[in-house]
Amino acid sequence: MKMKLSFRWYGKEDPISLDYIAQIPGMRSVVSAVYDVKPGEVWPEESLREIAEASRRHGLVFDVVESIPVHEDIKLGRGDVEHLLEVYCENIRRCARHGVRCVTYNFMPVFDWTRTQLDHLAADGSTSLVMYWDQMKDLDPLVDDIDLPGWDASYTKEEIRELITAYAALGEEGLWRNLKRFLEKVIPVAESCGVRMAIHPDDPPYPIFGLPRIITNEQNLDRLLSLVDSPANALCLCTGSLGCAAFNDIPLMVRKYARMGRIAFMHIRNVKIMEDGSFEERAHLSSCGSLDMLEVVRALAENGFEGYVRPDHGRMIFGEKGKPGYGLYDRALGATYLNGLFEACERMCAPDGQKQ
Ligand code: DNO
């Protein structure tokens, strides 16, 4: 197949071993990172070499990094930004030396994804991550001691308040300015070592607690891509993150950016949007959620997509216990479903522009 099927692996500590990952049909690439180094510090080459070698021993290729985290001071444009950008560039060079071709990152203030519960029980006995507005709406992190699942526990409540206040003062335009500075520094380095930078959209793609969010919709993705017009300035198009807001038409966006050649990495998963805008993570199958997976894959295949694809968050099923979203079974089912869609679409779809 043209697309490159991949699977996230949290390294030696991950309860899902590379032995298991290698047994999933069609699996090609390992998506991993150096997890024991803080943002703003250089990754030891030895750690990268270990991931690459372990992958190779299992017949897999370590060519995708998720993520090199962007230090909050880069996003806020404060402190020694030049030094932090230098470190970031050095990490890209080191990844490239060990075979990495795609580096995922995000530009979300303070928190990565936000959910209100990680083990919501569905009628079939499976559990998944959900975000319910009625559990969110009265929370104010400047007043309450909030402990949402998945939030970085390394910050004290005081630090979180300070960061939230700083981002509120920065605002969206300030965040855009700092993203531009980041890209102008990083993209030429990525280009020169054959790496594509893949920005992950904000999850969910709208402001939470007044924090600015900018990687959220078509207009803003256009703006991001035009900040530095290079194939190395690319998207990690996450269907579940963009797709939990009804204003995003996911197949349309996938088609548009695939045609432009600006998608380096696809995170493919399904979500069910509820009437009040809450959402539940669901099984990958189209009929299980709000997204049309066949249309997503068709849009990629029709544009000759050769980038990386990974099944994203799975539910916990078959009695599995583990890292929410990152168990083995449902992601393996997701991979198999995606294989089927891609096999069918890649064989049947003439590339866009070559249709009769
Ligand atoms: C969630 C992931 C994100 C993603 C980062 C990329 O499960 O998709 O945490 O890795 O946003 O920087």
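Numbering of ligands and ligand atoms starts at 1, following listing order.
Proximity to Asn106 (heavy-atom distance under 4.0 Å) selects the following atoms of ligand 1: 5 (C), 6 (C), 11 (O), 12 (O). If you number the atoms of ligand 1 from 1 as listed, the ones under 4.0 Å from a heavy atom of Tyr105 come out as 12 (O). Annotation for ligand 1: atoms under 4.0 Å from non-hydrogen atoms of Met108 are 11 (O). The contact set between ligand 1 and Glu66, taken as ligand atoms under 4.0 Å from a residue heavy atom, comprises 2 (C), 4 (C), 8 (O), 10 (O). In summary, the atoms of ligand 1 found under 4.0 Å from a heavy atom of His267, numbered by their order in the structure, are 8 (O).
If you look at Arg8 next to ligand 1, the close heavy atoms, those under 4.0 Å, all belong to the side chain.
No side-chain donor from either of Arg310 and Tyr308 sits under 3.5 Å from a side-chain acceptor of the other. Under 3.5 Å, the side chains of Ser29 and Asp63 contain a donor-acceptor pair of N or O atoms. Under 3.5 Å, the side chains of Ser128 and Glu281 contain no donor-acceptor pair of N or O atoms. Residues Glu66 and His200 have side chains that never bring a donor and an acceptor to within less than 3.5 angstrom of each other. A donor-acceptor pair shorter than 3.5 Å can be found between the side chains of Asp222 and Tyr257.
The nearest protein atom to atom 12 (O) of ligand 1, hydrogens excluded, is given as Ser67 OG, 2.6 Å; this is a heavy-atom distance. Distance from atom 1 (C) of ligand 1 to its nearest protein heavy atom, with residue and atom name: His313 NE2, 3.2 Å. Among protein heavy atoms, atom 8 (O) of ligand 1 sits closest to His200 NE2, 3.2 Å. Annotation: atom 9 (O) of ligand 1 to nearest protein heavy atom, Asp112 OD2, 2.7 Å.
Comment: Asp124 engages Arg315 in a salt bridge, judged by a side-chain N to carboxylate O separation of less than 4.0 angstrom.
Interatomic distance, CG of Leu163 versus CG of Leu170, reported as 11.5 Å (0.5 Å rounding).
The distance criterion of under 3.5 Å between nitrogen or oxygen atoms is met by Tyr326 with respect to ligand 1. For a threshold of 3.5 Å applied to N or O pairs, the pair formed by Asp312 and ligand 1 contains no separation below that value.
Heavy atoms of Arg310 come nearer than 4.0 angstrom to ligand 1 in at least one pair.
Between Tyr105 and Tyr88, the ring planes lie perpendicular to each other; the angle is over 60°, past the 30° to 60° tilted range.
Between Phe279 and Tyr132, the ring centre distance reaches or exceeds 6.0 Å.
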